[in-house]
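Input: a single structure, listed below in structure tokens.
Each chain gets a letter, A, B and so on, in the order the sequences are listed, and its residues count up from 1.
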Amino acid sequence: MKKAGKTDPQKLICESGVVPSLPIIYARINKAVNDPTSSMTSIGEIISKDMGLSARLLRMANSAFYNFPSRIDTISQAVIVIGIEQIRDLALGTSVIELFEGIPRHLVSMESFWRHSMTCGLTARMLAVHRREINVERYFVAGLLHDIGRLIIYMKIPGQASEALSRCKTTGEFLYQAEREIMGFHHAEVGGALMQYWKLPATLTEAVAFHHHPLDSNHSSVDASTIHVADIIANAMELGSSGERCIPSLVPEAWEQLGLSTSVLEPTLNEVDRQFHDIIEVFLEPVSKLLP
Amino acid sequence: MSCAVFSCILIGLGVSCHLSYLPAFMGTINVSDLQTDMELASDVKNMNDQLLFPVGTRINEKHLRTLKAWGIVEVDVVGVSREDVTQRAIAALDPEILAAAEAHVVPLFRYTDRRHPLISELFRLCVLRKARASFHEKSRKN
């Protein structure tokens with residue numbers, strides 16, 4: 001049964017202690033992307049001022065993630081070949097990972113958490129490629145951030161988080177169900193509240209908030225359905241974990257909504273396996289190791 | 001039989017190719033399963049719809065490199081189906097390794113309906129993937 005009246009996801013984000021703010025660089029890039037007068041060069045210049053972000057984006061542009069035939073040497077080149085909105089979304093992904101440090105280690109291995117998140121992001125991106133989506137990086141970032149609510153839960157209410165984890169160990173139930181029973185909400189709702197707090201687009205907020213119940217999403221059910229399916233595949237691939245011990249149950253309508261054949265699954269898994277190590281290196285290696 | 005549509009992926013960009021020719025027996029297989037001397041059962045085109053290799057091409061090492069460079073993941077070949085490739089892959093694996101892989105994967109899927117086509121295919125791929133990983137690990141140790 002729910003423990004009623006304690007808190008809700010919004011209160012958890014807004015009231016209890018400091019939630020990390022998005023780095024100013026992201027706001028600057030976003031403002032420039034939304035300004036019709038800004039050029040690719042000016043966006044490149046904004047990014048180039050952040051050494052760490054530039055190093056990660058350049059490494060990414062030259063990784064198996066893109067497999068471009070020739071080397072990308074400057075951020076301006078990367079902006080041109082990858083795309084402005086896509087670069088902004090990748091910048092969001094790299095910025096967020098650096099925000100979460102100091103999570104109690106007994107609750108979650110951060111490396112395992114991000115490995116699962118990256119797998120979900122890569123899978124969502126490949127599903128979007130098969131769907132012929134224009135901005136596939138949006139799906140990568142939604143997958144990358146889908147479980148971010150769990151990090152907030154681990155930071156803010158570690159006692160209840162620990163209770164949920166031990167309960168799953170004993171009963172074998174899903175962690176997101178145990179969270180709901182113990183806290184009255186689960187990590188996806190907290191993640192959605194965090195996206196709102198950061199004023200990120202509704203499509204991203206809903207993809208994160210509804211990844212376990214994609215049919216409840218209002219604006220972007222395809223986004224939520226993509227992340228729902230990607231999360232199932234990512235859990236099945238066992239490349240890291242954010243706490244779940246088995247594969248979430250599929251909402252069949254979510255898969256139907258994507259309009260894909262099951263034959264995309266094998267190339268998707270192969271691509272994710274191929275890109276995984278490069279992407280882990282791009283995001284999780286210290287910046288000092290990425291600088292030339 | 002309706003003309004199938006197969007997809008190939010240029011990394012980061014969706015590309016679709018339509019079959020222009022349908023031989024009596026053909027199958028779509030992954031480029032990773034493609035071997036030299038196999039014969040293409042349909043044209044392979046790039047993202048701009050330009051022909052890379054015509055139907056009837058006998059695959060050689062250079063073709064394999066080119067397909068990889070273009071990020072093409074699937075092609076149609078004469079006389080081989082995906083099922084054949086899977087059967088061969090299974091036959092090539094040690095039955096003990098395969099059984100252990102399945103025993104490992106089953107509990108992961110305990111709360112999701114394996115009768116659903118997506119889950120059933122995911123299950124099959126996960127068992128093979130796990131078996132291949134165990135096989136490679138065993139070979140490395142030996």
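- With values rounded to the nearest 0.5 angstrom, B/His116 atom NE2 is found 6.0 Å from A/Glu256 atom CD.
- For A/Leu269, the part sitting under 4.5 Å from any heavy atom of chain B is the side chain, from C-beta outward, and nothing else.
- When B/Arg129, B/Arg124, B/Glu121 are compared by the number of non-hydrogen pairs under 4.5 Å with chain A, B/Arg129 comes out ahead.
- Taking every heavy atom of both residues into account, A/Thr171 and B/Tyr111 meet most closely at O-OH, 4.3 Å.
- B/Arg110 approaches A/Gly172 most closely through the heavy-atom pair NH2-O, 3.6 Å.
- Counting all heavy atoms, side chain and backbone alike, A/Cys246 lies closest to B/Leu108 at CB-O, 3.2 Å.
- Between B/Cys126 atom SG and A/Ile233 atom CD1 the span is 9.0 Å, to the nearest 0.5 Å.
- The main-chain N or O of A/Leu250 is found under 3.5 Å from a side-chain atom of B/Thr112 such that the two form a donor-acceptor pair.
- You'll find the side chain of B/Glu74 stays beyond 4.5 Å of the side chain of A/Glu266, heavy atoms only.
- Contact of the A/Leu260 side chain with the B/Leu118 side chain is not registered, since no non-hydrogen atoms from C-beta on lie closer than 4.5 Å.
- Interface check for chain B: of the options A/Thr262, A/Ile247, A/Asp273, the most heavy-atom pairs under 4.5 Å are formed by A/Ile247.
- Residue contact with chain B, scored on non-hydrogen atoms closer than 4.5 Å, involves the backbone of A/Glu173 exclusively.
- Of the two parts of A/Pro69, neither the backbone nor the side chain holds a non-hydrogen atom closer than 4.5 Å to a non-hydrogen atom of chain B.
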For this session: Go through A/Glu238 and B/His104 one step at a time and tell me if the side chain to side chain contact (heavy atoms under 4.5 Å, CB included) criterion holds.
Result: CA-CA 11 Å; A/Glu238 297 182 281; B/His104 173 88; 2.9 Å; yes

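- To the nearest 0.5 Å, atom CG of residue A/Asn67 and atom CH2 of residue B/Trp70 are 12.5 Å apart.
- Other residues, nucleotides and ligands contribute more than 12 heavy atoms inside 6.0 Å of the CD atom of A/Glu253.
- Of the atoms belonging to B/Pro107, it is backbone heavy atoms, and not side-chain ones, that fall under 4.5 Å from chain A.
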